[in-house]
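Remarks on the structure that follows.
Labels below follow one simple rule: chain letters A, B, ... track the order of the sequence lines, proteins then strands, and each chain is numbered from 1.
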Amino acid sequence: MSHDHSLNPETMPEEPEKATHEGKNKFLGLWFFLGGETVLFACLFGTYLALRNSTADGPASTDIFGMGLVFAMTLLLLTSSLTSVYAMHHMKNNDFKRMQLWLGITALLGIAFLTLEIYEFAHYIIDYEFTLRSSAFGSAFYTLVGFHGGHVAFGLAWLIALMVRNAKRGLNLYNAPKFYTFSLYWHFIDVVWVFIFTVVYLMGMV
Amino acid sequence: MTENIDKVNSFQKRKRKEEMKKQLISFALMIGFTVISFSLVATGLMDNMFIIPVLLILAIIQVAFQFYFFMHMKDKDHEMPALMIYGGLWVAILVFIALGVISWW
Amino acid sequence: MSITAQKRGFGAVLWDYLTTVDHKKIGILYLIGGGFFFLLGGLEAVIIRIQLLVPENDFISAGLYNEMFTMHGTTMIFLAAMPLLLGLMNAIMPLQIGARDVAFPFLNSLGFWLFMFGGIVLNLSWFLGGAPDAGWTSYAPLSLQSPGHGVDFYVMGLQLSGAGTLIGGINFLVTIVTMRAPGMTYMRMPLFSWTTFISSVLILFAFPALTVALFLLMFDRMFGSAFFDVALGGNTVIWQHLFWIFGHPEVYILILPAFGIFSEIFATFSKKRLFGYTAMVFATILIAFLGFMVWAHHMFTVGLGPVANSIFAIATMAIAVPTGIKIFNWLATMWGGRITINSAMLWALAFIPSFTIGGMTGVMLGASVADYQYHDTYFVVAHFHYVIVGGTVFGIFAALHYWWPKMFGRILHEGMGKISFWTFFIGFHLTFFIQHFLGLMGMPRRYWVFFGDQGLDTGNLISSIGAVFMTIGVIVFLINIIYTAKLDQAPADPWDGRSLEWTTASPPVYYNFKQLPLVRGLDPLWIEKMEGKGKLTPAEPVDEIHMPNSTFVPFIMSFGFSVASIGFIYQVDHSAWLIAVYVGMGIALGSMLYRSLKDDHGYHITKEELEREAD
Amino acid sequence: MKVWMGKSKAIFLLSSLALILAGCGEENLSALIPKGYGAESSMDLIILSTIIMLFVFIIVMLIYIIVLSRFRVKKGQEDYIPKQVEGNSTLETVWTIIPIILVIILAVPTVTATFDLADESDREDGLEIEVTANQYWWHFNYEGQEIQTSQDMYIPTGERVHLDLISSDVIHSFWVPALAGKMDTNPENVNTMFLETEEEGVYYGKCAELCGPSHSLMDFKVIAVSPEEFEQWVEDMQNVDPEEEPQDAVAQDGKAAFEENNCMGCHAIGSSPSQVGPNLTGYGDRTTVAGILEPTKENLVEWLIDPESIKPGNEMTGNYPELSDEDANDIAEYLMQLEASEVTPESVEN
Ligand code: HEA
Ligand code: HEA
Ligand code: CUA
Ligand SMILES: [Cu+2]
């Protein structure tokens, strides 16, 4: 029996990410992890909901949030979700080059998002003196949004490590699950952002 | 033999194209919902009482698209993932109720 | 590579255990770690009982007393009971479902080392200026106000070991979903595997709440955020909600695996199939489901209002129903059976009345208005020791006697087993039964001293005497372990067992099954025995087996995280400690990167090698 | 409130239970000897649930004993293989339904009692006391009456006394076992409850939520007096003159030392609402020193000289000038002579 997992178009299984036993385990493991992450973010959201009006004479959400920036960040992250779908599409077609290309675009979008977020935080801190210590609202805001930002940063590190490590060797059954689990994680970050822009920003501006 | 595989492959390719079309549509819808949400808030057309539930519903639909299409939860072999996500959501709802109540308690 | 154990040097064995990814060895590591912390937590309990021996005792100071019960509770729950259960799951569950290993051997080892290092970090606090002293529940704002670094150690220690537990939970879930042997459908899984599965679900959904709660506390203490700072709009009730959203499912994480253990033992030693198997499975699921909806019964006196209190009271009482189903099914399993009573069975038998009492006082606590009286008194202390000691600890002892041959290849000594059982059992009831009355007679919990003129002397004295008996029981058990280590190899199936683990050698070969077995029903081994074959039909021809490589990376990674944790704790005092944070995180993230960049395909045991091995 | 059974029946069950226990602890401390409305409704539920539980336990033990006596392996039967029963749906239904019924029997009065105790519709009419918990002492402010006390709380019998509970630091819990169940004092919001008793007496109160090293030393008293005496007490308290000079020389020195050492910075005598330390009005009538010690002068001196040795971690230690033995003695004399009212704990207990 051969243990060569490299792919060629002839033997390409329909779902390379789940073709091996390890792949299937990784796939399930990540999904289950996301189930846990749901609770994690729910707790952060719940805390935020409980404290969002506790501004203790500090800035309130209506004073600081700006719509344009958040909209731009939203578009960046939503688009990056689509580009990672494209990457997976090409993975299933065994088109390594295109996959890498779309993953590269995903990474760039993620970096752009993170840059805007850093800019946003800096803006609040410098222009409004609104920090983690300003009020319970400040603590809850930075913790929730910061946790999400941390997830984006971790996702980017993961993605870049994957792309660099596999740049020369192409797609095979050993690394296909790794790409796929990354894409699931990335979508999940997007899902969290949808709730952040709704619950934190939009509900904070009405 | 190769011919056969080719056939299978081209069939799979076509299927994936279809799939991709669906993905694009859901993406367009997601962007659409986002724009609606933002413009609802920006224009202030709606009463605050109504706008929050509307925003939440739009968010939930969008997230369903992400899960079911982008993350393939609609596909077969996703029973366990779906079970765990719904389990997480159930606990999430409980958490929302518990901590949400504090703010008007 | 030879499979039979050779005499090896101590260093080699140590290295083997430090780097192992074999679920059986990791199980043993968990038992050693958890066992160590059980002794430590027990020692702390004994100190508590000495302090409460007589009124106004000053055996230890007030501050030290608070550290003592905080560490006793934290250690027992997070570092003793849970790891011991995780150890049993690791050692037994893959065998029961007919798997060669778990789904993620690397993560399995990482989970263990995170737990171990977390426990060490937490206990370092004893030597570094004082242990945490805000109770195992660490309610804010007391936990914010607590001086020194004790609570910081609590936060970092639990964060580490909690992450380890979460990893372990996900690992078990995936293992059970994907790695069951051919024919091992869900509804043919032994109950211990089922309860492992359900407990893992609870871990998956409960631990993130603890993670968040600990983060909020950490930010408040170390970075000046204001989650629980009332002056800045914070709200301390958030802590209580998050803690108990985790905390109540946690107590079912502790008890469900024990339920699984008893199901195995009752069936085996009654020579009968588990009565109402399907009902048992669904009762387990129902308990887990309801377990997420009752957390506020710990908060009846917080002032949530009558609506919330009523809802949570009813939900709490509802749990009596599925638990009752279990109790009666166990009794029915034994009914009409052929009951052998040995040490393992003794612990299991003792569980029924003990746990029933504990569960019933639980339902009494669930009656909100009555709980206004019970809450935070020794009645609660009595309740939860009845369920935890009478349920979980009895379960662990039962499991140790039952599976000791499978895990270590020795049968524990019966006589000593009985002595340790009876002393512990009597001591247990002496210690905790009287505490119900102490509580109602006006003794709140977490009291450093009680006063002489309040009618509480006799009760406390009796309670402390009981603890002495328990100590003797534990010590006899330790002697038993040492004594039996020299005995002969145990047979593969010493108890006339029913499930797959008894088809393997004692202890099993490192790949568990040469050929995966074909499972034809519930209690697969029993079925084959009844049909006169006595062993399972293989589901596959002998073929090469894929095995994971040993690795030292999990150890290093956990070590890195611990260094960073200590750095986090002390960077508040001096920014030079940030170096420790960076170095620690560097080690941890570096080893993570190393792990993900370096391919590790494992190795294969060839067909020839396997054929050379005797069955 | 007798939701599920008449009072006489409750008393009968209570006394029989008391016989079984051969003592239910100390009068006026034990929750098993309820003397207030709240404690009685808890006790009703405790009894009801105990009866249900005894019933369940007896059934479980009955089956258990039969199983153990009939189905142990017997000599010569080692090879007997019992029938492998899968289950029995009738039986399983029975032991699902019966617990459900039992739970309902318990749940209904629980919910009724929960709402009953939360019913504060008569709040406007009655006496309201604001309770502030502090590490490690209790402050009582009689709302709208200009009366402040600490550690000892006076209430009239036969009337609902409404409490507003709050904490000035960490969470504590207000518990007077013989009168009512406990209620937490949170730092961020006011909790409410009420006390109602028919019987005069001095009731023990304790702090029931971990609040630091001296958590176990945070006792207080509730002194229930007849409505007439209470009126008298109120009047007396309102007429306290904080400036009044003591009679004898030692106490006069004590008063001077009290003022010199800036004790007033934290302690008030009279109705000043200062709440840094306990209000010392009528200190001579207190049931305790610092909540836990016998109310003797020696104990007071000991407290003044080294409070840390009595209540570790208390907020007074180190925050006042060191007192000479003489000063401490004088101050103690002065404080022990402070009397505010004819109505005292002794007058109640006799
Ligand atoms: C293994 C751990 C474990 C288990 C299994 C349980 C089981 C239960 N617990 Fe317990 N509990 C704890 C561990 C556990 N608990 C701990 C550690 C605390 C304190 C935490 C702290 O504050 O530090 C606590 C505290 C606690 C409280 C809060 C008390 C307070 O602080 O004021 C309450 C209140 O409702 C409660 C209720 C229950 C109930 C209803 C069950 C039920 O699941 C019990 C169900 C079982 C039965 C009922 C017996 C068998 C059933 C039958 C024979 C059928 C017929 C029975 C009836 C009809 C009644 N528990
Ligand atoms: C798994 C959980 C668990 C277990 C097994 C136990 C076991 C025991 N517990 Fe405890 N306990 C808790 C969980 C547990 N406990 C929790 C969560 C709390 C609440 C904490 C809080 O309020 O925050 C608590 C609180 C608690 C209190 C209340 C303290 C207070 O409120 O002031 C008391 C008092 O009696 C007590 C006693 C005991 C005793 C006597 C045992 C005995 O069963 C212990 C038996 C074991 C031994 C006796 C070991 C003997 C061995 C040796 C002595 C050898 C030592 C040798 C070496 C170290 C080499 N526990
Ligand atoms: Cu105040 Cu305990
Ligand atoms: Cu609970």
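Comparing C/Thr236, C/Leu456, C/Thr356 by heavy-atom pairs within less than 4.5 Å of chain D, the highest count is held by C/Thr236. The candidate with the highest count of non-hydrogen atom pairs below 4.5 Å against chain C, out of D/Met61, D/Met193, D/Lys206, D/Glu27, is D/Lys206. Between chain D and the residues C/Ser270, C/Gly63, C/Gly455, C/Gly337, the largest count of heavy-atom pairs under 4.5 Å involves C/Gly337. Counting heavy-atom pairs closer than 4.5 Å to chain D, the top-ranked of the candidates C/Met443, C/His375, C/Met530 is C/His375. Ranked by heavy-atom pairs under 4.5 Å with chain D, the list C/Arg445, C/Glu67, C/Met360 is led by C/Met360. Taking chain C as the reference chain and counting heavy-atom pairs below 4.5 Å, the highest number among D/Ser89, D/Gly38, D/Pro99, D/Ala208 is found for D/Ala208. In terms of non-hydrogen atom pairs under 4.5 Å with chain D, the most contact-rich of C/Ser146, C/Ala370, C/Gly234, C/Gly366 is C/Ala370. Chain C forms the most heavy-atom pairs under 4.5 Å with one residue out of D/Ser216, D/Gly181, D/Gly87, and that residue is D/Ser216. Contact tally against chain C (heavy-atom pairs below 4.5 Å) for D/Lys74, D/Gln84, D/Glu26, D/His215: the top residue is D/Gln84. Chosen from C/Ser310, C/Ala62, C/Pro147, the residue pairing most often with chain D at heavy-atom distances under 4.5 Å is C/Ser310. Chain C forms more heavy-atom pairs under 4.5 Å with one residue of D/Ile59, D/Ile97, D/Val103 than with any other, namely D/Val103.
Interface residue C/Ile341: only side-chain heavy atoms are found under 4.5 Å from chain D. Looking at C/Asp496, there are no atoms closer than 4.5 Å to chain D (heavy atoms on both sides), in backbone or side chain. Only the side chain of C/Ile327 comes within contact range of chain D, with at least one heavy atom under 4.5 Å from a heavy atom of that chain. If you measure heavy-atom distances from D/Pro312 to chain C, the contacts under 4.5 Å come from the side chain alone. Contact annotation for C/Trp330: neither backbone nor side-chain heavy atoms come within less than 4.5 Å of a heavy atom of chain D. Using a 4.5 Å cut-off between heavy atoms, D/Lys83 touches chain C through its backbone atoms (N, CA, C, O) alone. Proximity to chain D (any heavy atom under 4.5 Å) is shown, for C/Val369, by both the backbone and the side chain. For D/Met53, the parts lying under 4.5 angstrom from a heavy atom of chain C are both the backbone and the side chain. Looking at D/Ile66, the atoms closer than 4.5 Å to chain C (heavy atoms on both sides) all sit in the side chain, from C-beta outward. When heavy atoms are compared at a cutoff of 4.5 Å, C/Gln240 approaches chain D solely by way of its side chain, counted from C-beta outward. Only the side chain of C/Ile314 comes within contact range of chain D, with heavy atoms under 4.5 Å apart. Only the side chain of D/Gln135 comes within contact range of chain C, with heavy atoms under 4.5 Å apart. For C/Phe379, no part lies under 4.5 angstrom from a heavy atom of chain D. For D/Glu209, the parts lying near chain C are the backbone and the side chain together; criterion is any non-hydrogen pair under 4.5 Å. Of the two parts of D/Asp219, only the side chain, counted from C-beta on, holds a non-hydrogen atom closer than 4.5 Å to a non-hydrogen atom of chain C. For C/Ala313, the part lying near chain D is the side chain, with the backbone staying farther off; criterion is any non-hydrogen pair under 4.5 Å. For a residue to count as touching a neighbouring chain, one of its non-hydrogen atoms must lie under 4.5 Å from one of that chain's; by this rule D/Ala178 does not touch chain C. Heavy-atom distances place no part of D/Leu102 under 4.5 Å from chain C, backbone and side chain included. Looking at D/Leu210, both its backbone and its side chain come within 4.5 Å of chain C, counting heavy atoms on both sides. Residue D/Ile171 touches chain C through both its backbone and its side chain, counting heavy-atom pairs closer than 4.5 Å. Only the side chain of C/Asn66 has a heavy atom closer than 4.5 Å to any heavy atom of chain D. Residue contact with chain D, scored on non-hydrogen atoms closer than 4.5 Å, is absent for C/Leu522. With a 4.5 angstrom heavy-atom cutoff, C/Met299 does not touch chain D via any of its atoms. Of the atoms belonging to C/Gln145, it is side-chain heavy atoms, and not backbone ones, that fall under 4.5 Å from chain D. If you measure heavy-atom distances from C/Ser143 to chain D, you find no contacts under 4.5 Å at all.
Classified by interplanar angle (parallel below 30°, tilted 30° to 60°, perpendicular above 60°), the ring pair C/Phe328/D/Trp95 is parallel. Between C/Trp239 and C/Phe243, the ring planes lie parallel to each other; the angle is under 30°, not in the 30° to 60° tilted range. Below 30°, between 30° and 60°, or above 60°: for C/Phe433 and C/Tyr386 the angle between ring planes is above 60°, a perpendicular geometry.
For the 3.5 Å distance criterion, the side chains of D/Thr114 and C/Ser368 qualify, holding a donor opposite an acceptor. No side-chain donor from either of C/Tyr65 and C/Asn57 sits under 3.5 Å from a side-chain acceptor of the other. Using a 3.5 Å distance cut-off with no hydrogens or angles, the side chains of D/Asp184 and C/Thr301 do pair a donor with an acceptor. No side-chain donor from either of D/Thr288 and D/Glu294 sits under 3.5 Å from a side-chain acceptor of the other. Between the side chains of C/Thr377 and C/Arg446, no donor N or O sits under 3.5 Å from an acceptor N or O. In summary, the side chains of D/Thr317 and D/Asn314 do present a donor paired with an acceptor at a separation below 3.5 Å, with no hydrogens or angles considered.
For D/Lys35 and D/Tyr203, the positive end is not near the middle of the six-membered ring at less than 6.0 Å and at most 45° from its axis.
To the nearest 0.5 Å, the span separating CZ on C/Arg338 from CZ on C/Phe269 amounts to 11.0 Å. Distance check, rounded to the nearest 0.5 Å: CG of D/Leu217 to OH of C/Tyr447 gives 8.0 Å.
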*asked:* Evaluate C/His297 against C/Phe312 for ring pair (Phe, Tyr, Trp, His ring centres under 6.0 Å), listing each step before the verdict.
replied: CA-CA 6 Å; C/His297 66 211; C/Phe312 283 101; 8.2 Å; no
*Tell me, with the steps shown, if D/Glu92 and C/Phe275 meet side chain to side chain contact (heavy atoms under 4.5 Å, CB included).*
CA-CA 10 Å; D/Glu92 290 178 56; C/Phe275 191 92; 3.8 Å; yes
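Considering D/Leu117, D/Asp119, D/Leu179 as possible partners of D/Phe194, the one that fulfils the side-chain contact (heavy atoms from CB on, under 4.5 Å) test is D/Leu117.
In this structure, the ring of D/Phe174 has its center less than 6.0 angstrom from the ring center of D/Phe220. Aromatic ring centroids of C/Trp136 and C/Phe69 lie 6.0 Å or more apart.
With hydrogens and angles ignored, the 3.5 Å screen pairs no side-chain donor or acceptor of C/Trp448 with any backbone N or O of C/Gln51.
Residue C/Ala267 comes nearest to C/Leu274 through the heavy atom pair CB-N, 4.1 Å, listed as atom of the first residue, atom of the second, then distance. The shortest heavy-atom contact between D/Trp138 and D/Thr185 is CZ3-CG2, 4.1 Å.
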